[in-house]
**Student:** 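Before we start, here is the structure in question, set down as structure tokens.
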Amino acid sequence: MKHWLMKTEPDAFSIDDLERVGTEPWTGVRNYQARNFMRQMKPGDPVLFYHSSCKVPGVYGLAEVATVPYPDPTQFDRKSPYHDPKSTREQPRWELVDVRFVRRLEPPVTLATLREHAEDLEGLKLLERGSRLSVQPVTPHQYRRILALSR
DNA sequence: GCCAACGTTGGC
DNA sequence: GCCAACGTTGGC
């Protein structure tokens, strides 16, 4: 079982939204590295749900992978902002998984807190300089450490 | 294959 | 709003 961190801009889709809908197809990822990580996902994999580009960036909740990877339907939709003209049904480029709400983190673990514990979180991609990857793996150790910071 | 230009991400 | 860092595009 692998552990993951997934970023979202809460103005677009927040932990509140995930709690409300329960399960959400993670559409719109158009970065090959992120896609490749989603391809490795398995149902039940734990996910740290991270809010970015907001007042207090941080991990706001826990989610889990709800499906196996499958083609992102928005790539075929000409009206979608995520439409990819180079994708075909026969040869899709982009895959996604559904993400299921597990629980909120009260309190959330802010980016500032993560930085304070950077030594314990060695190798966490989120803390690496210039890291913009929206889907990234975390080690079981990092996952546990981050959970423990929510209090 | 190189690399400049451009667009995007995301913290501050 | 600024700007550093990164990924992608496209001319050559």
**Student:** For the atom pair CG (A:L121) and CD (A:Q142), what is the distance rounded to the nearest 0.5 Å?
**Tutor:**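 Output value for this atom pair is 6.0 Å.
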**Student:** Does atom CD of A:Q91 have more than 12 heavy-atom neighbours from other groups under 6.0 Å away?
**Tutor:** no
**Student:** Should A:K7 and A:Q136 be marked as a side chain to side chain contact (heavy atoms under 4.5 Å, CB included) after you check the CA-CA gap, both sets of side-chain angles, and the distance that decides it?
**Tutor:** CA-CA 9 Å; A:K7 293 184 191 174; A:Q136 43 182 274; 4.0 Å; yes
**Student:** Is it the case that the side chains of A:R30 and A:T74 hold a donor-acceptor pair, with the cut-off being a distance below 3.5 Å and no angle test?
**Tutor:**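 Judged by distance alone, the side chains do pair up.
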**Student:** Distances for protein N/O vs nucleotides 1-3 of chain C N/O pairs under 3.5 angstrom?
**Tutor:**
none

**Student:** Please go through A:M1's hydrophobic cluster and name the other residues, only I, L, V, M, F, W, Y counting, with side-chain heavy atoms under 4.5 Å joining them.
**Tutor:**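 Joined to A:M1, directly or through intermediates: none.
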**Student:** Can you name the ring pair (Phe, Tyr, Trp, His ring centres under 6.0 Å) partners of A:Y143, sequence neighbours left out?
**Tutor:** A:H3
**Student:** Which atom names give the shortest non-hydrogen contact between A:I146 and A:V109, and what distance separates them?
**Tutor:** O-CG2, 3.4 Å
**Student:** Quick check, are the ring centers of A:W94 and A:Y70 under 6.0 angstrom apart?
**Tutor:**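 Ring-ring flag for A:W94/A:Y70: false, centres at least 6.0 Å apart.
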**Student:** Applying side chain to side chain contact (heavy atoms under 4.5 Å, CB included), run through A:L105 and A:L147 and close with a yes or a no.
**Tutor:** CA-CA 8 Å; A:L105 282 189; A:L147 268 196; 3.7 Å; yes
**Student:** Could you check whether A:R104 pairs with A:D16 (Lys NZ or Arg NE/NH1/NH2 to Asp/Glu carboxylate O, under 4.0 Å)?
**Tutor:** yes
**Student:** Map every base of DNA chain C to its dot-bracket character, where paired means a Watson-Crick or G-U wobble contact with both distances under 3.5 Å and | marks a partner outside the strand.
**Tutor:** ||||||||||||
**Student:** May I have the distance from A:R93 (atom CZ) to C:dG7 (atom P), rounded to whole angstrom?
**Tutor:**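 Taking CZ of A:R93 and P of C:dG7, I get 17 Å after rounding.
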**Student:** Over 60° means perpendicular and under 30° means parallel, so tell me whether A:F49 and A:W26 are parallel, tilted or perpendicular.
**Tutor:** perpendicular
**Student:** Quick test: give all pairs of protein nitrogen or oxygen and nucleotides 8-12 of chain B nitrogen or oxygen below 3.5 Å, distance rounded to 0.1 Å.
**Tutor:**
residue: B:dT8; atom: O2; partner: A:R132; partner atom: NH1; Å: 2.9
residue: B:dG10; atom: OP1; partner: A:K7; partner atom: NZ; Å: 2.7
residue: B:dG10; atom: OP1; partner: A:R132; partner atom: O; Å: 2.8
residue: B:dG11; atom: OP1; partner: A:Y50; partner atom: OH; Å: 2.7
residue: B:dG11; atom: OP2; partner: A:S53; partner atom: N; Å: 3.0
residue: B:dC12; atom: OP1; partner: A:R115; partner atom: NE; Å: 3.4

**Student:** Does any residue of residues 75-89 of chain A have a heavy atom under 4.0 Å from DNA chain B, and if so, which ones, in number order?
**Tutor:** none
**Student:** Flag the pair A:D17 and A:R20 as a salt bridge only when some basic side-chain nitrogen lies within less than 4.0 angstrom of an acidic carboxylate oxygen.
**Tutor:**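 Looking at A:R20 together with A:D17, the answer is yes, because their closest N to O distance falls below 4.0 Å.
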